[in-house]
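Everything on this sheet refers to the single structure shown next.
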Amino acid sequence: MLDTIEVQNEDFDMSALYNALRHNNTSNGAIVTFTGLVRDFNQGHNVGELFLEHYPAMTKISLTNIVAQARQRWTLGRISVIHRIGRLTQGDQIVFVGVTSAHRKDAFDGAQFIMDFLKAEAPFWKRETTEQGPRWVEANSDDSKALTKWER
Amino acid sequence: MLDTIEVQNEDFDMSALYNALRHNNTSNGAIVTFTGLVRDFNQGHNVGELFLEHYPAMTKISLTNIVAQARQRWTLGRISVIHRIGRLTQGDQIVFVGVTSAHRKDAFDGAQFIMDFLKAEAPFWKRETTEQGPRWVEANSDDSKALTKWER
Amino acid sequence: MAEKPVIGNEARGTQMINVLFFGQLREQLNTDKLSLDTVSNVKALKIVLAQRGVIWRDILASDSTLVAVNQIISNEETTLCDGDEIAFFPPVTGG
Amino acid sequence: MAEKPVIGNEARGTQMINVLFFGQLREQLNTDKLSLDTVSNVKALKIVLAQRGVIWRDILASDSTLVAVNQIISNEETTLCDGDEIAFFPPVTGG
């Protein structure tokens with residue numbers, strides 16, 4: 001299968017992921033990647049550490065469904081989605097989405113669609129360590145609004 | 001300045017470009033990259049080699065203007081644009097656009113905007129070596145249509 | 001509908017369903033898993049759970065509470081069968 | 001307006017403009033650079049150049065031919081000054 005979908009504690013290597021999307025793939029002239037990192041500041045607090053919890057039986061199913069929906073809407077080549085769980089700190093990589101296509105627009109739309117649905121539906125929850133102690137990250141209303149872009 | 005804009009013969013290293021966007025940049029949680037590669041097939045012909053010609057006095061000015069326009073429309077962190085010129089072959093990297101932002105949507109829109117305007121306005125021309133001999137690549141009407149997305 | 005919690009048991013093969021709670025919900029309800037008699041759909045399950053107290057009622061009535069049936073995002077009309085796994089959770093915050 | 005080509009010369013500091021041609025246009029017109037007397041705007045320049053022949057007239061009249069004045073994408077109304085660099089080229093195909 002052309003899709004790599006992983007949920008893991010370990011960090012990922014952007015360079016290796018990019019090479020896997022590119023290697024022996026001369027029919028696809030466009031590669032779009034998204035990487036999400038732990039920011040130092042979120043919702044009015046300095047962030048020290050994050051703990052990423054998930055619903056283990058569902059996470060990979062959810063990501064697989066989202067990727068399948070993207071494939072139905074655009075002509076996409078290779079797709080990689082990597083999401084980390086567990087303890088993360090400032091500047092750490094959290095998520096990678098990489099999409100190849102023969103066409104630039106399909107690659108951009110596919111990658112953004114996957115990220116928008118991942119943010120709205122994939123069962124991950126972040127708990128932050130802040131100066132005021134630990135707290136659950138609040139969902140961002142922009143993330144549900146982002147889905148309206150994909151209605152049709 | 002936060003922008004890296006280069007027009008060069010040499011290949012570029014995706015990993016180094018990504019690390020430059022990411023390193024010491026914990027205020028930006030989102031990195032979007034686009035890479036364009038030489039496809040094996042274009043406009044009904046198998047492609048052997050490409051030669052990328054440009055208007056040397058204008059290329060960097062054009063890319064700088066496009067990046068400045070993107071910065072006016074979205075809140076962007078670091079931006080890198082690398083475009084190669086000269087002789088290229090199947091699977092070679094042609095162009096890299098990388099954009100960081102605090103927000104995912106800004107990073108996606110910024111990167112796609114830069115690529116759409118680069119494709120429509122930056123003075124590069126491709127000549128292909130095909131089985132039928134060399135020929136200038138025809139502009140793709142999708143590339144001018146892509147700009148309508150950014151009208152406002 | 002009698003409520004018969006059997007915490008931590010596997011409902012598959014019995015006339016029961018497994019109900020899971022994640023994130024802030026798990027802490028607010030102080031519950032990560034219940035096994036309950038099978039009910040017709042998600043709406044009926046919410047009615048059963050709401051009997052556990054005000055906090056349960058409020059959380060289950062909230063528009064922001066999501067539900068998945070057998071790991072697929074679902075809604076109140078989704079029908080339930082013996083052995084199903086139902087999960088309630090707050091808005092997700094991955095990525 | 002007399003046409004006085006001085007091929008390959010630098011127009012800056014004189015009452016002249018430099019006109020460049022790129023890509024397929026350069027080959028079709030068999031010309032990469034001209035120095036001409038300064039004219040008022042791009043439209044006036046096209047009229048001067050069209051006198052060189054049918055192929056010049058057709059290419060300059062084409063909607064798909066782009067023009068840049070001093071390295072900025074421009075149009076027929078863009079005014080010209082002594083020393084300006086004007087480039088005509090076909091639709092770009094980079095990226």
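Below, read A as the first sequence line, B as the second, and so on, with proteins coming before strands; counting in each chain starts at 1.
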| said: Please find the pair of heavy atoms, one from Ala139(B) and one from Val92(D), that lie closest to each other, and give the distance. | reply: CB-O, 4.2 Å

| Is the backbone N or O of Pro90(D) less than 3.5 Å from a side-chain atom of Trp125(B), with the two atoms forming a donor-acceptor pair by type? | yes

| request: Could you check which of Ala57(B), Ser144(B), Gly36(B) has the highest count of heavy-atom pairs closer than 4.5 Å to chain D? | output: Ala57(B)

| Based on non-hydrogen pairs under 4.5 Å, which of Ser64(D), Ala68(D), Gly94(D) is most in contact with chain B? | Gly94(D)

| field | Over all atoms of both residues, closest heavy-atom pair of Asn65(B) and Ile72(D) | value | ND2-CD1, 3.3 Å

| request: Any chance you could lay out the side-chain contact (heavy atoms from CB on, under 4.5 Å) test for Gln24(D) and Arg135(B), step after step, and finish with the verdict? | output: CA-CA 9 Å; Gln24(D) 200 161 9; Arg135(B) 54 170 203 142; over 6 Å; no

| task | Would you mind telling me which of His83(B), His54(B), Arg84(B) has the largest number of heavy-atom pairs within less than 4.5 Å of chain D? | result | His83(B)

| In terms of heavy-atom pairs under 4.5 Å, which option from Gly23(D), Pro91(D), Ala87(D) contacts chain B the most? | Gly23(D)

| Distance, nearest 0.5 Å, that separates CD1 of Ile73(D) from CZ of Phe117(B) | 11.0 Å

| task | Grab the two heavy atoms, one from Leu20(D) and one from Tyr55(B), that are nearest each other, plus how far apart they are. | result | CD1-CE1, 3.6 Å

| request: Might you work through the side-chain contact (heavy atoms from CB on, under 4.5 Å) test for Gln71(D) and Lys60(B), ending with a clear yes or no? | output: CA-CA 10 Å; Gln71(D) 298 89 45; Lys60(B) 224 165 159 173; over 6 Å; no

| task | Count the heavy-atom pairs under 4.5 Å between each of Glu121(B), Lys119(B), Glu138(B), Met115(B) and chain D, then report the option with the highest count. | result | Lys119(B)

| query | Could you walk me through whether Met58(B) and Phe89(D) pass the side-chain contact (heavy atoms from CB on, under 4.5 Å) check? | reply | CA-CA 12 Å; Met58(B) 179 172 169; Phe89(D) 45 80; 4.3 Å; yes

| remark: Between the OG1 atom in Thr93(D) and the CG atom in Leu52(B), the distance rounded to the nearest 0.5 Å is 7.0 Å

